[in-house]
*Asks:* 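There's a structure below that I have some questions on.
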Amino acid sequence: MQGECVKKPKNNGNVKTTTIVTSTVVNGGWSEYSEFSECSFSCGTGVAIRTRQCNNPAPADGGADCIGSSTDFKVCNAEPCLGKKTDVRAAQCKDKLSNWRYLDRLHSWAPMENLNSSLQCRLTCMSKNTGDVVVSEYDVIDGTRCSYDNPNGICVQGKCQEIGCDSVLESGKTEDLCGICEGDNSKCRSVTGSYVKSKKKKYQRVVVIPAGARHIEITEVTNTKHFFALKNPEKSSWILNGMGKQSQSKEFVDVASHFVYVNDGFEEKLVTYGPISQSMLLMVFSTKDQRRANFTYKYVLPSEDLAVSRSDDLYLWQEVGWSKCNKQCGGGWQTQSFECRRQSDNQIVGNELCGKADYDPINSRRLCNTQPCKQKRFEWQTDPWEHCTRTCGSGGIQIRGVRCIKVDKGRENTVNNRKCPGPMPANSQACNNDPCPLVWRTGEWSECSVSCGLGVMTRTVTCSIPSMRSSDYQCPETKPESSSECDMGECASKQVKSKKCVPVSGSLLCNPKLRHLYCGLEGYEEICCVTCDGSAAVIQDSDEAQTADDLPIP
């Protein structure tokens, strides 16, 4: 009445006004940002974070929360790192998981490209021991590239953010084929070559692909049993198809690049986007196949990286180490391996530049495994498990090579499986069969169920499992709350003389199906005339008792 809430008039027509004390709604406001954190990387593009609080003022009495994000970030230390390029994901796999016992043992971990775009910023690693792929609980460090194959994205607090080649967020600027920002490929040079030779020796050197090379592609032109291999000459370690064994088709990460290797019996091919952080030695392994090996390779480099060597460069042999003994017993030989390196940049070059003055391969050898040989025997030999075909769900398979070998006078030869004792070890097994994790999605909160006093607000909480292969997915055990108590302030009251309780009609609060949700609220028995067990409530005659006119109506 006249802008003021009043009590309903009684039969005698007298009006008694009562002012309702209401609380003021306070919407939330942001505080000032904190100082930016230290940059996540010292070079090569890092991220600095700053935060703010929704406490200036804090939301109160039903006021709205602050709009926007509580965090802000900026790109920092975008200048390229000097010296050798390091793989920051590889370092994180080592730091986070090296002391973690998986399958009751410690493992050596390598980074793995996660093909699920929503998990690109989760640290995903592959065991070098078993080939198992693990999606860890850790997000990668802010500033880490979202993908080896996409230079235009960095991870910030577990989410991929678009970034240009100029290290400016969402600038849209891209690199050309040789990695020059906003370049037009005019300064790029494509290097191509081929290897077409008859059988010479097991591993034949073809070419050293230099560090920084991009868009590398190696292909077998003719379908033979010969295969190519890659080696890291700086670490003297195999990258692909080492020790005379050809791998199955697989994806892997090495020298800070994501590789895709295809070997399906009809085609052998390797591709990577690059750039590779260290040089790779391309070799061809010759088998007993009498056909000529025929392989091609190509890669892209900035033209300045293809400059010819200076005439005053110094070339020296550098010791790599001793080869594997050619016999397991009875006396064999090891040869000492050397590489010819250019001293100005320590790059591996052709042996002809060093000459033979300081290194004679024939005389650089020594005796090994001189112990007597045991009687010949037959035994099973197994290769390490390949990586699993799936990271989660059902249907994941990993395979390995299994063969029967004869060991005689320190030499190993593959023979018919029937000669080995006992059953043949399994060459395949199921893997990564845990359900793929999903996420709970929550809707907006509803309005409070009452206009004053204590009520309830609700929201939808869903986790959608795909209809196809539903058993491959699982919602998290902890489900967000779908209802919450809300306080709308005290309700007005007046005196009543009648002891008769009249439930508020049409109220959501008094719905029998929802009684277990609301019956514990203050004033529920006076509103709905029942107790929690469904029996009639006894209402005492009191000057302070609430009536249907004073009660909140949902």
Side-chain angles (χ1 to χ4, degrees), residues 93 97-98 100-116 124-136 225 227 229-230 237-254 259-268 270 285 287-289 324 328 374-408 410-437 469 471-474:
C93 283
L97 303 182
S98 59
W100 177 49
R101 298 189 68 84
Y102 173 71
L103 299 179
D104 203 30
R105 59 170 290 188
L106 296 175
H107 294 248
S108 295
W109 297 96
M112 190 65 181
E113 180 87 355
N114 197 316
L115 301 182
N116 186 337
T124 303
C125 309
M126 182 181 70
S127 168
K128 296 180 181 180
N129 308 94
T130 65
D132 288 355
V133 176
V134 171
V135 180
S136 76
K225 294 187 180 300
F227 57 88
L230 289 173
S237 59
W238 290 104
I239 297 174
L240 177 69
N241 294 340
M243 311 304 294
K245 299 175 184 178
Q246 186 177 19
S247 173
Q248 300 293 323
S249 297
K250 65 177 182 178
E251 297 182 32
F252 61 96
V253 173
D254 209 321
F259 291 84
V260 178
Y261 176 64
V262 177
N263 172 28
D264 57 9
F266 301 97
E267 177 186 34
E268 186 186 17
L270 178 97
F285 184 86
T287 65
K288 294 181 180 180
D289 194 329
K324 183 179 179 181
Q328 291 186 344
K374 297 179 181 179
Q375 189 176 5
K376 73 176 180 179
R377 67 185 187 277
F378 297 94
E379 61 185 34
W380 292 107
Q381 186 180 73
T382 59
D383 297 334
W385 288 105
E386 299 287 347
H387 70 275
C388 192
T389 57
R390 300 195 66 183
T391 57
C392 61
S394 62
I397 294 292
Q398 56 184 169
I399 61 175
R400 65 177 177 180
V402 179
R403 67 193 64 83
C404 180
I405 62 168
K406 180 179 73 172
V407 182
D408 187 16
R411 297 184 180 273
E412 295 181 356
N413 293 298
T414 302
V415 296
N416 192 292
N417 289 346
R418 290 178 295 181
K419 292 184 177 294
C420 275
M424 176 180 176
N427 60 3
S428 66
Q429 67 178 11
C431 54
N432 293 345
N433 289 328
D434 294 331
C436 299
R469 303 172 68 98
S471 60
D472 287 359
Y473 301 89
Q474 185 178 47

*Asks:* For a side-chain contact (heavy atoms from CB on, under 4.5 Å) check, start with the C-alpha distance between K419 and K406, then their side-chain angles and the critical distance, and finish with the verdict.
*Replies:* CA-CA 9 Å; K419 292 184 177 294; K406 180 179 73 172; over 6 Å; no

*Asks:* Would you say R105 has more than 12 foreign heavy atoms packed within less than 6.0 Å of its CZ?
*Replies:* yes

*Asks:* For the pair D264 (side chain) and S249 (backbone), establish whether a donor and an acceptor sit closer than 3.5 Å, ignoring hydrogens and angles.
*Replies:* no

*Asks:* How would you list all residue pairs meeting side-chain hydrogen bond (donor to acceptor under 3.5 Å, both in side chains) that involve residues 420-436, not counting sequence neighbours?
*Replies:* Q398-Q429

*Asks:* With heavy-atom distances below 4.5 Å as the criterion, would you say the side chains of W238 and M243 are in contact?
*Replies:*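 They are in contact (side-chain heavy atoms under 4.5 Å apart), so the answer is yes.
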
*Asks:* Let me confirm one number: the CZ-CE distance from R403 to M424, rounded to the nearest 0.5 Å.
*Replies:* 9.0 Å

*Asks:* How many angstroms lie between atom CG of N417 and atom CZ of F378, to the nearest 0.5 angstrom?
*Replies:*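 Here the interatomic distance stands at 12.0 Å.
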
*Asks:* Name all residues meeting the salt bridge (charged side-chain N to carboxylate O under 4.0 Å, His left out) criterion together with K245; count only those two or more places apart in sequence or in a different chain, and write none if there are none.
*Replies:*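 Per chain and number, K245 pairs via salt bridge (charged side-chain N to carboxylate O under 4.0 Å, His left out) with D383.
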
*Asks:* Checking L103 against D132 for the side-chain contact (heavy atoms from CB on, under 4.5 Å) test, could you report, in this order, the C-alpha distance in whole Å, the side-chain angles of both residues, the deciding distance, and whether it holds?
*Replies:* CA-CA 10 Å; L103 299 179; D132 288 355; 3.5 Å; yes

*Asks:* W385 and N129: side-chain contact (heavy atoms from CB on, under 4.5 Å), yes or no, with the steps?
*Replies:* CA-CA 8 Å; W385 288 105; N129 308 94; over 6 Å; no

*Asks:* With rounding to the nearest 0.5 angstrom, report the CD1 to NZ distance, I399 to K250.
*Replies:* 11.0 Å

*Asks:* Evaluate Y261 against L240 for side-chain contact (heavy atoms from CB on, under 4.5 Å), listing each step before the verdict.
*Replies:* CA-CA 9 Å; Y261 176 64; L240 177 69; 3.6 Å; yes

*Asks:* Apply salt bridge (charged side-chain N to carboxylate O under 4.0 Å, His left out) to E251 and list each qualifying residue two or more places apart in sequence or on a separate chain.
*Replies:*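 Per chain and number, E251 pairs via salt bridge (charged side-chain N to carboxylate O under 4.0 Å, His left out) with no residue.
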
*Asks:* Name the atoms and distances for all side-chain donor-acceptor pairs under 3.5 Å in residues 106-115, with sequence neighbours left out.
*Replies:*
residue: H107; atom: ND1; partner: S127; partner atom: OG; Å: 2.7
residue: H107; atom: NE2; partner: Y102; partner atom: O; Å: 2.8
residue: W109; atom: NE1; partner: L97; partner atom: O; Å: 3.3
residue: E113; atom: OE1; partner: Y148; partner atom: N; Å: 3.2
residue: E113; atom: OE2; partner: S147; partner atom: OG; Å: 2.4
residue: N114; atom: OD1; partner: N116; partner atom: N; Å: 3.0
residue: N114; atom: ND2; partner: T124; partner atom: OG1; Å: 3.0

*Asks:* Listed by chain and number, what are the ring-ring contact (aromatic ring centres under 6.0 Å, His included) partners of Y473, not counting sequence neighbours?
*Replies:* none

*Asks:* R400: what forms a salt bridge (charged side-chain N to carboxylate O under 4.0 Å, His left out) with it, not counting sequence neighbours?
*Replies:* none

*Asks:* Of all heavy-atom pairs between R101 and D104, which one has the smallest distance, and what is that distance?
*Replies:*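 Nearest pair, atom of R101 first, then D104: NH2-O, 3.1 Å.
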
